Amino acid sequence: MAAPVKSPVDGAVPAMQKLTIGKALNLGLRAAMEADDKVIVLGEDVGKLGGVFRITDGLQKDFGEQRVLDTPLAESGIIGTAVGLAVRGFRPVCEIQFEGFIFPGFDQISSQLAKLHYRTQGKVKVPVVVRVPFGGGIGAVEHHSESPESLFAHIPGLKVVSCSNPADAYWMIQQAIDCDDPVLFFEPKRLYHNGQLRSEVDTTTPPGPLFASRVVRQGTDCTLVAYGPSVKVCLDAAEAAAEEGRSLEVIDLRTISPLDLAPVFESVRRTGRLVAVSEASSESSITSEIAARVQQECFYSLEAPVLRATGFDTPYPPSKLEEHFLPDLDRVLHTVDRAMGW
């Protein structure tokens with residue numbers, strides 16, 4: 001586990017701020033850059049433009065072009081440059097503009113970034129963060145709404161996490177930067193500027209460690225587990241279920257690799273039922289792993305099979321069809337009904 005994150009510079013930000021996820025990420029990056037001049041941000045349009053989603057807005061103006069670098073449109077070059085910077089003692093933060101663009105850099109991530117620490121028997125550390133806006137719901141064209149996180153969770157040597165709320169966004173990005181291992185940081189882009197999620201963020205104390213899941217709503221009848229954009233869907237579903245007298249527990253996974261399933265096991269042993277929710281396709285996915293592990297650890301506590309509400313096993317559809325593809329409140333509640341009726 002990495003050392004505790006350094007606090008932002010005194011007076012840099014108020015102790016409590018009401019933030020969206022996008023603004024929280026911006027302030028978290030700013031705090032990390034203020035705390036350590038070895039933190040460098042690089043990616044396509046992250047400088048003058050501030051990123052296509054404006055997550056890096058203002059950073060180049062305040063920290064200069066030597067620390068916030070606009071790169072060519074070449075993901076393999078971005079990741080390769082970051083590996084070289086990390087070897088020389090820097091802590092690079094790469095932005096992949098959309099998750100579908102990450103694959104030109106997949107070889108650098110899987111063959112170099114994930115392996116270098118192991119290959120050198122621990123002599124070389126590669127503290128690189130790769131920020132990946134992911135998921136659907138923004139009405140985008142092909143290659144702009146995918147959920148490839150399972151591919152990276154399968155690669156030993158990589159850490160994979162995803163935030164779902166402003167407090168986690170602010171602190172998890174700093175904790176990821178502070179980690180000496182490479183971290184893939186998946187950000188739910190449709191929630192970046194969602195005003196409904198705007199909430200108070202304590203910028204003085206992190207809410208917990210990076211690689212830990214968390215119960216975000218307690219319940220007794222069925223457990224819902226999700227990460228990233230699906231957490232809000234599950235919380236909305238739990239709220240709707242409560243109006244009908246059904247109590248759903250919601251767990252925000254937060255860490256995808258390593259998986260922290262201890263809170264999930266504890267919950268399932270109480271509720272007897274589990275529904276895993278994700279925008280990613282169900283085949284060979286994070287939800288598959290959750291189902292296998294829960295069946296293995298909680299077999300005698302289960303009152304029903306582990307069920308899943310996920311995206312379909314098809315390429316992501318055109319924007320006019322994405323509302324039918326994404327698991328929404330109704331699909332989650334329907335899956336809960338199936339679990340309760342077993």
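All values below come from the heavy atoms of this structure, side chains included, with hydrogens, waters and symmetry mates left out. The structure displayed is predicted, hence computed values, not measured ones.
- No donor-acceptor pair under 3.5 Å is formed between the side chain of Asp57 and the backbone N or O of Gly50.
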Given the rule in the side-chain contact (heavy atoms from CB on, under 4.5 Å) test, do Asn26 and Arg54 qualify, once you have shown the distances and angles that lead to the verdict?
CA-CA 8 Å; Asn26 179 275; Arg54 303 301 187 267; over 6 Å; no
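- In this structure, CG in Asp181 is found 4.0 Å from NZ in Lys159, a value given to the nearest 0.5 Å.
- The shortest distance between side-chain heavy atoms of Gln218 and Arg270 does not fall below 4.5 Å.
- Using a 4.0 Å cut-off between charged nitrogen and carboxylate oxygen, Arg293 and Glu289 count as a salt-bridge pair.
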Assess the residue pair Asp62 and Arg30 against the criterion (side-chain contact (heavy atoms from CB on, under 4.5 Å)); give the C-alpha distance rounded to whole Å, side-chain angles, the decisive distance to 0.1 Å, and a yes or no.
CA-CA 9 Å; Asp62 293 338; Arg30 181 179 296 275; 2.6 Å; yes
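- Between Lys189 and the choices Glu99, Glu146, Glu279, the salt bridge (charged side-chain N to carboxylate O under 4.0 Å, His left out) rule is met once, by Glu99.
- Contact of the Ile173 side chain with the Ile177 side chain is registered, since non-hydrogen atoms from C-beta on lie closer than 4.5 Å.
- Residues Asp221 and Ser247 bring no donor and acceptor atom of their side chains to less than 3.5 Å of each other.
- When Ile78, Val160, Ile79, Val183 are each tested for a side-chain contact (heavy atoms from CB on, under 4.5 Å) with Val130, only one passes: Ile79.
- A heavy-atom distance below 4.5 Å is found between the side chains of Thr56 and Glu95.
- No side-chain donor from either of Gln17 and Tyr170 sits under 3.5 Å from a side-chain acceptor of the other.
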One pair to check against side-chain contact (heavy atoms from CB on, under 4.5 Å): Val39 and Phe63. What are the steps and the verdict?
CA-CA 10 Å; Val39 177; Phe63 293 97; over 6 Å; no
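- Of all non-hydrogen atoms in Ser257 and Ala153, the two that sit nearest each other are OG-O, 3.8 Å.
- With rounding to the nearest 0.5 angstrom, the CG atom of Leu321 is 11.0 Å from the CG atom of Leu326.
- Using a cut-off of 4.0 Å between Lys/Arg side-chain N and Asp/Glu carboxylate O, Arg214 and Asp168 are scored as salt-bridged.
- By the 6.0 Å and 45° rule, Arg331 stacks over the aromatic ring of Phe312.
- Contact of the Thr81 side chain with the Val83 side chain is not registered, since no non-hydrogen atoms from C-beta on lie closer than 4.5 Å.
- Taking 4.0 Å as the cut-off between side-chain N and carboxylate O, Lys48 and Asp70 do not count as a salt-bridged pair.
- Taking OG1 from Thr271 and CE from Met340, the interatomic distance works out to 9.0 Å, rounded to the nearest 0.5 Å.
- Side chains of Glu249 and Thr223: no donor on one and acceptor on the other come within 3.5 Å.
- For the pairing with Phe98, the ring pair (Phe, Tyr, Trp, His ring centres under 6.0 Å) check across Phe186, Phe134, Tyr316, Phe53 returns one residue only, Phe53.
- Contact detail for Ser284 and Ser150: the closest heavy-atom pair is O-CB, 4.0 Å.
- Note: Lys115 NZ to Ile155 CD1 = 6.0 Å, rounded to the nearest 0.5 Å.
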side-chain hydrogen bond (donor to acceptor under 3.5 Å, both in side chains) between Ser164 and Asp252, worked out
CA-CA 8 Å; Ser164 69; Asp252 183 350; 2.5 Å; yes
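- Taking the charged nitrogens against the carboxylate oxygens, Arg246 and Asp337 do have a contact shorter than 4.0 Å, which makes a salt bridge.
- Distance check, rounded to the nearest 0.5 Å: CD1 of Ile256 to CG of Leu184 gives 9.0 Å.
- A donor and an acceptor atom, one from each side chain of Ser285 and Ser282, are nowhere located under 3.5 Å apart.
- The distance between the ring centers of His144 and Phe101 falls below 6.0 angstrom.
- Considering every non-hydrogen atom in both Pro206 and Gln175, the closest pair reads CB-NE2, 3.9 Å.
- One side chain, Arg308 or Thr287, offers a donor N or O that lies under 3.5 Å from an acceptor on the other.
- In plain terms, the two heavy atoms of Glu149 and Ser278 that are nearest each other are OE2-OG, 3.9 Å.
- Looking only at side-chain heavy atoms (C-beta outward), Val250 and Val225 stay at 4.5 Å or farther from each other.
- A pairwise comparison of heavy atoms in Gly137 and Glu322 identifies N-OE1, 3.1 Å as the closest pair.
- Looking only at atom types and distance, the side chain of Tyr192 has no donor-acceptor partner in the side chain of Thr20 under 3.5 Å away.
- One distance of note links CD1 of Ile21 with CG of Leu191; it measures 5.0 Å at 0.5 Å rounding.
- Looking at Thr310 and Pro327, their side chains never come closer than 4.5 Å, going by heavy atoms from C-beta outward.
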